[in-house]
Amino acid sequence: FDVVGHDIRDAAVERLERAGGRGVPSPAAVATSADVVVTSLPTPDAVADVFTDEDGLFAGGNEGLTMLETSTSVPETTRTLAEVASEEGMQVVDAPVSGGTEGARDGTLALMVGATESALDPIAIDVLSTIGEQTYYLGDVGTGHATKLANNVLFSGHLVLAMEAMALGAAHGVDAEMLFEVISNSSGTSGQFEKRVPRVLNRNFEPGFTVDLTKKDVRLASRTADEIDHPMALTSLVHELYKEASASGHGEADAGAIAKII
């Protein structure tokens, strides 16, 4: 694909240009130049701004433009943006991803799309299949973000339990490397256990996905649950633990740094 892009950080645009893309000065300029737009942003407020500001995507978009919103956001934001876009003949679809920075580099992400495959044009489907290895078409706009929040509730909770369990074994004098090997081959294992415990044992807290981003995602899940009076008692506790890790100065470290408060 020919790629144009914008970021508020000059360094990010420079990386794009070194890779063969073209930097432009605003989201509106991206929308004017593209057949398909992909957004990846840190918060629902940032998403709304990028779409609706005076130099945002809606200002530059033309009829027929498809915008794939890959951020971890909330269903309500995407539904609202999709309604506005449809009035102008454009399409906004939520397509959050899982797989981290490695999956993004390798094109092996899992994508959770708030649309049916038949509702997307062929170019948008080509883009999704290029950045992801598995694409799940979930139906209505908003279902993608709801699915991603459910996934991240489990990711963050598994991680807390993994570190708590390792700390228990260590407190009883079990060799940490042996404890990891045993649990990895037993019923207590999980993806987060196998991925992050080795990094913690090596004291490697270089961020793949930070404590602060994890805290934000769990907060968003709790918020959407509150809006429909859906109880999530354990998720609330997990959120408090990530708040504590952030308040203790570990916010920019990898999510595995939750171990430092345990």
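All residue numbers refer to positions in the sequence shown, counting from 1. This one's a predicted model, so the numbers in the text were calculated from it and none came from an experiment.
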inquiry  = Just so I know, are the side chains of Thr189 and Glu194 near enough to count as touching, which here means a heavy-atom distance under 4.5 Å?
reply    = yes

request  = Consider only side-chain N and O atoms of Thr210 and Glu252, and report whether a donor and an acceptor are under 3.5 Å apart.
outcome  = no

query = Measuring from Leu213:CG to Ser156:OG, what's the distance to the nearest 0.5 Å?
reply = 12.5 Å

request  = Spell out, as yes or no, whether a donor-acceptor pair under 3.5 Å connects the side chain of Lys216 to the backbone of Thr72.
outcome  = yes

query = Tell me, do Leu57 and Val92 make a side-chain contact under 4.5 Å, heavy atoms counted?
reply = no

query = Any side-chain heavy atom of Leu159 sitting closer than 4.5 Å to one from Tyr242?
reply = yes

query = Would you say Ser86's side chain and Glu83's backbone share a donor-acceptor pair under 3.5 angstrom?
reply = yes

query = Quick one: are Phe155 and Lys195 in side-chain contact, heavy atoms under 4.5 Å?
reply = no

Audit row: Phe209, Asp217, side chain to side chain contact (heavy atoms under 4.5 Å, CB included) steps and yes/no = CA-CA 11 Å; Phe209 194 77; Asp217 287 356; 3.2 Å; yes

inquiry  = Surrounding CG of Asn151 (heavy atoms of other residues, nucleotides or ligands, distance under 6.0 Å), is the total greater than 12?
reply    = yes

request  = Return yes when atom CD of Glu181 has more than 12 non-hydrogen atoms of other residues, nucleotides or ligands closer than 6.0 Å, and no otherwise.
outcome  = no

request  = Spell out, as yes or no, whether a donor-acceptor pair under 3.5 Å connects the side chain of Glu69 to the backbone of Leu81.
outcome  = no

ask   = If you count the non-hydrogen atoms of other residues, nucleotides and ligands that lie under 6.0 Å from CG in Leu154, is the total more than 12?
value = yes

key: Side-chain H-bond candidate by donor/acceptor type, His145 with Thr78, under 3.5 Å   = yes

task = Kindly indicate, with the supporting measurements, whether the criterion side chain to side chain contact (heavy atoms under 4.5 Å, CB included) is fulfilled by Val211 and Ile258.
result = CA-CA 7 Å; Val211 165; Ile258 193 76; 5.6 Å; no

inquiry  = Looking at Asp121 and Ala124, would you say the former's side chain and the latter's main chain have a donor-acceptor pair under 3.5 Å?
reply    = yes

